[in-house]
Amino acid sequence: QACEDIGFFMVKNHGIPLDLIRQVQSNATSFFDLSLECKQRTSAPFGLGYMGQGTENVGATIKDESTVQDFKESLNLNLPVRDEVWPDIPELKQICQDYYSGVSNLSDQLMRLFALALDLDEHFFDDKVNNAFTCLRLLNYPEQPNVKAASSSENEVITRNAEHTDYGTLTILWSPDSRGLQAKSRQGKWIDVVAPVDHFIINIGDLMMNWTNDKWISTLHRVIPHPETLGQRRMSIPFFHNPNPDSMIECIPGCFSEDNPAKYKPILAKHHMEMKVSKALGKEEKME
């Protein structure tokens, strides 16, 4: 029901130790505290490696005219480990690889649960995600000492991460303090997403919404300054799961009918990802 109504839900008892997650956060904090020169040694195409503040504009993935640069920096990791993507910090490498393994396995479990929830065979998605393009992002939102809390006027809201949807199948998000994250309901209301520290926040991505013909929703969400954390640094660790790059995304059985035809043309997952990343970075990007 949550996948249909809001596209967000929480998971507990997920099997990934909180101590491991906190070690990822600690190593991320140490990395972001390095000099800009050190951080910039790690950089690769397609938004991988380090991206500095103002590099990304996720609002442009929804509105072409958006010029809002996100108030964040990020370290964007994927497998296999490569020097241009992963910093030469042994502890960070080991801890993040351990965590990467855990959330990858959790993603596989969720995709099988998704299949059952859609009245499909449990393994329906297996051959569509067995070479999934995934990315572990370590996000740092620097302090905003002079920013005030958002007013009730939508036009006056200052964002740390502009409203957007996620691109792929699902996102697994952890944050030591998720206050500031908001999701937009189908009725157009912004809802605070606040999770206990031992829970993951899961949200549906665009390609899962395409697969289900809008039965499940890829929800607009954003990060804004929260009145109780104004002026404070904010950190989060999202894991983005996407289909195999060569998977053709088309409406799945049971999600279309004569009265409810498919809303989206079939699209190669790789092409959708390239389009979104290119818009976010303001230049043409190709998946390697």
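Just so we're clear, the structure is a prediction, and the values are computed from it rather than from any experiment. The basis for the numbers below is simple: all heavy atoms, side chains too, and nothing from hydrogens, waters or symmetry mates.
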**Criterion salt bridge (charged side-chain N to carboxylate O under 4.0 Å, His left out) on Lys276 and Asp206, from CA distance to verdict** = CA-CA 10 Å; Lys276 287 287 190 176; Asp206 297 339; 3.6 Å; yes
I need the [X] [atom1] to [Y] [atom2] distance, nearest 0.5 Å.
| X | Y | atom1 | atom2 | result |
| --- | --- | --- | --- | --- |
| Asn140 | Arg233 | CG | CZ | 4.0 Å |
| Thr212 | Glu4 | OG1 | CD | 8.5 Å |
| His226 | Ser178 | NE2 | OG | 9.0 Å |
| Thr134 | Asn242 | OG1 | CG | 8.0 Å |
| Cys38 | Ile89 | SG | CD1 | 8.5 Å |
| Ile172 | Leu106 | CD1 | CG | 4.0 Å |

Distance-only polar pair, side chains of [X] and [Y], donor-acceptor under 3.5 Å:
| X | Y | value |
| --- | --- | --- |
| Asp259 | Ser257 | no |
| Asp98 | Gln94 | yes |
| Gln23 | Asp19 | yes |

I'd like to check [X] versus [Y] (side-chain heavy atoms, cut-off strictly below 4.5 Å). Are they in contact?
| X | Y | result |
| --- | --- | --- |
| Met111 | Leu170 | yes |
| Asn203 | Thr219 | no |
| Glu73 | Leu36 | no |
| Met275 | His272 | yes |
| Gln182 | Lys184 | no |
| Cys251 | Tyr264 | no |
| Ile201 | Leu181 | yes |
| Phe240 | Asn78 | no |

Between [X] (side chain only) and [Y] (backbone N and O only), is there a donor and an acceptor less than 3.5 Å apart?
| X | Y | value |
| --- | --- | --- |
| Ser185 | Gln187 | yes |
| Ser247 | Lys128 | yes |
| Asn213 | Pro261 | yes |
| Thr29 | Gln25 | yes |
| Trp174 | Val197 | yes |
| Thr61 | Ala280 | no |
| Thr55 | Gly52 | yes |
| His14 | Asp198 | yes |
| Arg234 | Arg179 | yes |
| Asn244 | Asp246 | no |

Cluster check [X], [Y]: I/L/V/M/F/W/Y, side chain < 4.5 angstrom:
| X | Y | value |
| --- | --- | --- |
| Ile204 | Met273 | no |
| Ile217 | Trp190 | no |
| Tyr141 | Phe32 | no |
| Met51 | Met287 | yes |
| Leu173 | Phe114 | no |

For [X] versus [Y], what's the shortest heavy-atom pair and its separation?
| X | Y | answer |
| --- | --- | --- |
| Val11 | Phe9 | CG2-CE1, 3.7 Å |
| Trp216 | Met208 | CE3-CG, 3.9 Å |
| Leu138 | Cys96 | CD1-SG, 4.2 Å |
| Asp121 | Ala115 | O-CB, 3.2 Å |
| Thr42 | Pro87 | OG1-CA, 3.6 Å |
| Ile21 | Ile237 | O-CD1, 4.3 Å |

**Request:** List the steps, then state whether side chain to side chain contact (heavy atoms under 4.5 Å, CB included) holds for Leu268 with Met248.
**Result:** CA-CA 5 Å; Leu268 205 63; Met248 184 62 69; 4.0 Å; yes
Can you say whether the rings of [X] and [Y] are parallel (under 30°), tilted (30 to 60°) or perpendicular (over 60°)?
| X | Y | answer |
| --- | --- | --- |
| Tyr100 | Phe239 | perpendicular |
| Phe46 | Phe133 | perpendicular |
| Trp211 | Phe125 | tilted |

**side chain to side chain contact (heavy atoms under 4.5 Å, CB included) assessment of Phe124 paired with Asp119** = CA-CA 10 Å; Phe124 176 84; Asp119 295 323; over 6 Å; no
**Prompt:** Are His221 and Asp166 close enough, and set up right, to give a side chain to side chain donor-acceptor pair (under 3.5 Å), and what steps lead you there?
**Reply:** CA-CA 9 Å; His221 52 285; Asp166 292 346; 3.2 Å; yes
**Item:** Step-by-step side chain to side chain contact (heavy atoms under 4.5 Å, CB included) determination, Lys263 to Asn260
**Value:** CA-CA 8 Å; Lys263 298 178 175 67; Asn260 181 35; 3.1 Å; yes
**Message:** Around atom CG of Asp83, are there more than 12 heavy atoms from other residues, nucleotides or ligands closer than 6.0 Å?
**Reply:**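 No.
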**Request:** List the steps, then state whether side chain to side chain contact (heavy atoms under 4.5 Å, CB included) holds for His164 with Lys279.
**Result:** CA-CA 12 Å; His164 64 285; Lys279 286 186 174 184; over 6 Å; no
